[in-house]
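Working notes, structure below.
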Number of protein chains: 2
Amino acid sequence: MNLKELASHLGLSPTTVSRALNGYPEVNEATRKRVTEAARTHNYRPNTQAKRLATGRAMAIGHVIPISTQHEIVNPVFADFISGAGEVYARSGYDMILTIVPDDDEERAYRELRSKGNVDGIIVHAPKEGDKRIALLQGLGLPYVVHGRCSGVEAPYSWVDVNNARAFERATDFLLDLGHRRIALINGIDTMDFALRRLRGYSDALAARDVPLDPQLIVSGEMTEAQGHDAARAMLRLPDPPTAFMTASLLSAMGARRGIEEAGLRMGRDISILTHDDELGYLRNGTDEPIFTCTRSSVREAGRRCARMLLDQIAHGDASPRSELLEAVLVVGQSTGPARRQG
Amino acid sequence: MNLKELASHLGLSPTTVSRALNGYPEVNEATRKRVTEAARTHNYRPNTQAKRLATGRAMAIGHVIPISTQHEIVNPVFADFISGAGEVYARSGYDMILTIVPDDDEERAYRELRSKGNVDGIIVHAPKEGDKRIALLQGLGLPYVVHGRCSGVEAPYSWVDVNNARAFERATDFLLDLGHRRIALINGIDTMDFALRRLRGYSDALAARDVPLDPQLIVSGEMTEAQGHDAARAMLRLPDPPTAFMTASLLSAMGARRGIEEAGLRMGRDISILTHDDELGYLRNGTDEPIFTCTRSSVREAGRRCARMLLDQIAHGDASPRSELLEAVLVVGQSTGPARRQG
DNA sequence: TCGCGCATCCAAACCGCTTTGGTGATGAGT
DNA sequence: ACTCATCACCAAAGCGGTTTGGATGCGCGA
């Protein structure tokens, strides 16, 4: 059932039917009612491709999600981020187009998205320091919002980010207040912007209290359970082991805990763990009282906000960059306690 | 840069240019070369919407992924599944359209996808027992492939699935061989077809050895760390506790392990754990030697196969249902050992 | 020399919608 | 009575491709 058929069925012109359905004023309310009713009973839905071609709007948002070529890992936060964004798109009638690209030819992906014209805007995932994608997208003239920020990129751009530096600074302060001086940082991959900011927050907090920064207590990599475990185990074997761990994700935290317990220590009593918690649906940090003390910020909410910002930008044809900085809350759980003298 | 411009630039008609680029024979090889070259230098890429409208093919595959309305959880396997499928789509020039729907109005989503005509086929996720979506899709006349199967659905349909029943039957056998008689099953949500098949494999194996099935040792739910932990803890407090746990995911297994260790027991020595392992990128089961003994099957590979099957079906206009049954391998790790008399 | 097949190219229709630029009827204002 | 909005509708021209149904020119056999 297409527009022409529906129109002839109603004894109207395609023009009028189109206008009736799209809420234009120059159509009698009575006929509008007739049209909408007929549309429903005949289960008419305008053909997306035709509509897109005619209006020039793709009614779709592209998500280019990079897949690490070394690790072949899709960051698990994408699932939640995307479900948040998807909610918003659905309400506005937008589709979500996912492109999964090996992180070494993302540029081609963006160019193609642009020249094929099948998206109205793009969400940029996993920004790195001085990410060249910003400049690229600026050049392409396609609206976009970055989930995260790019240290080192001067030009203004739209972003939604958690205040990672502040969160990790506060977290480090919290551990320092508990008497910890040997605080390890198990971070995300060190080219990622969020990891850099967390490192900055951590080292700023240490510096503010004149606690020396020990490179042996800092590790970065893919945020998996194994990473947390291996890092914790190795560090606990140091001559002067840490009394607290900060980790970048719950998975790493779980791994660290395993490493701690393997060493015969108890989390929260002998050793503290403080992690960032993205509030992933399938990775809850306890049910009521959190297991891990954490800096918490919902990545799904970030997805919603990115989506809203982008749609807003598209709707208003307003290219002026905007931004939103989300503060993580510091939630105290069972995994932290006062520092103990050398186990 | 569009076709008309490119054509006039070359002093040719749009027809010829189109044919040259699409490999039709009625064009001189010399001019074809000229055309392709010009297309490259001018960075010409045919407008997707126009192409779609003209050909009637959307060049996109829809993934409808349900979000549990009670739990608001996106199953973490989607990330990996989708990255597998995405690989295949990318190679064939297809887009992937993600629709995230609360699981109570999936039907509307499918109908809309169909009538808006923006996909050529659909991947059905998370099939339930007697899933009514099969009948719906059959009626819609849209090619589809189910990731998993639907017990209780008579009509033939295309699917790719792991042999869950066989996997869990073998796993249970393995534990029985080690002398375990009190084997607990921490399963996925019990309306999910895969969970049912695993339960069936488990109970068949027990029945074959005349080991009674104890409902107290069976629990089902969202496969999270918390689920594994809570279930293990509760069961270990039973008067006659289990000596082995089977879990449906690594997260559940990690939770179960935590429950075990909280109870002062050691995994692999006092209590065994055997889990299913989907080989998710960010949730590796150890690096070389697996931590958990597991039934292993790559969900990313399943994604690739689903995608290939669907594209093949679309390309050949062949609606005859096909299917692919993947066998999980049983990999022995450190988490299982002979049954111990009552800790 | 004529007719025919073949190799190349093109004009125009079409895909299904939106949107521009109308038309005819009605009613108010002068 | 005439002009002029206003209302309600429509025909036709896009959007940017593909595809149908020719056109043109050339070589070749009869």
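So you know, we letter chains A, B, ... as the sequences are listed, proteins then strands, and number each from 1. Bear in mind that the values here come from a model prediction, so they are computed numbers and not experimental data.
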Does the separation of the ring centres of A:H63 and A:Y89 fall below 6.0 angstrom? yes
Donor-acceptor pair under 3.5 Å, A:T55 side chain vs C:dT19 base: no
By nearest atom, which of the nucleotides D:dG16, D:dC10, C:dC9 is closest to the B:V27 side chain? C:dC9
At under 4.0 Å, does any side-chain N or O of B:S18 touch on OP1 or OP2 of D:dT18? yes
Below 6.0 angstrom between ring centroids: does that apply to B:H125 and B:F81? yes
B:E26 CD - C:dT8 P separation (whole Å): 10 Å
d(CG, B:L53; C1', C:dT18) in whole Å: 12 Å
To the nearest angstrom, the CG-P distance between B:N118 and C:dG16 comes to 15 Å
I want to check one thing: is the phosphate of D:dT18, taken as OP1 and OP2, less than 4.0 Å away from some side-chain N or O of B:N22? yes
Does a side-chain N or O of A:T31 approach OP1 or OP2 of D:dA8 to a distance below 4.0 Å, or not? no
Any carboxylate oxygen within less than 4.0 angstrom of a Lys/Arg side-chain nitrogen, looking at B:K33 and B:E29? no
Applying a 4.0 Å non-hydrogen cut-off, can you work out what B:G117 is touching in the nucleic acid: base, sugar-phosphate, or nothing? nothing
By nearest atom, which of the nucleotides C:dT20, D:dT19, C:dC9 is closest to the A:T15 side chain? C:dT20
Atom-to-atom span, CD of A:Q49 to C1' of D:dG14 - whole angstrom: 18 Å
Heavy atoms from C-beta onward define the side chain here; which of D:dC10, D:dC9, C:dC17 lies closest to that of A:A54? C:dC17
Just the rounded figure in Å: distance from P of D:dA11 to CG of A:L12. 11 Å
To the nearest angstrom, the CG-P distance between A:L3 and C:dC14 comes to 17 Å
Measure CZ/B:R19 against C1'/C:dA11 and give the value in whole Å, please. 12 Å
Taking only the side-chain heavy atoms of B:K51 (C-beta and beyond), determine which of D:dT18, D:dA11, C:dC9 contains the nearest atom. D:dT18
When you check the phosphate oxygens OP1 and OP2 of C:dC10, does a side-chain N or O of B:S13 lie under 4.0 Å from one of them? yes
side-chain hydrogen bond (donor to acceptor under 3.5 Å, both in side chains), paired with A:E87, selected from A:R300, A:R304, A:R308: A:R304
Testing C:dC15, D:dC15, D:dT19 for proximity to the side chain of B:Y24, the answer is D:dT19
Spacing of A:N28 atom CG relative to C:dT26 atom C1', expressed in whole Å: 13 Å
Any idea how B:Y282 and A:Y282 line up, ring-wise: parallel (<30°), tilted (30 to 60°), or perpendicular (>60°)? tilted
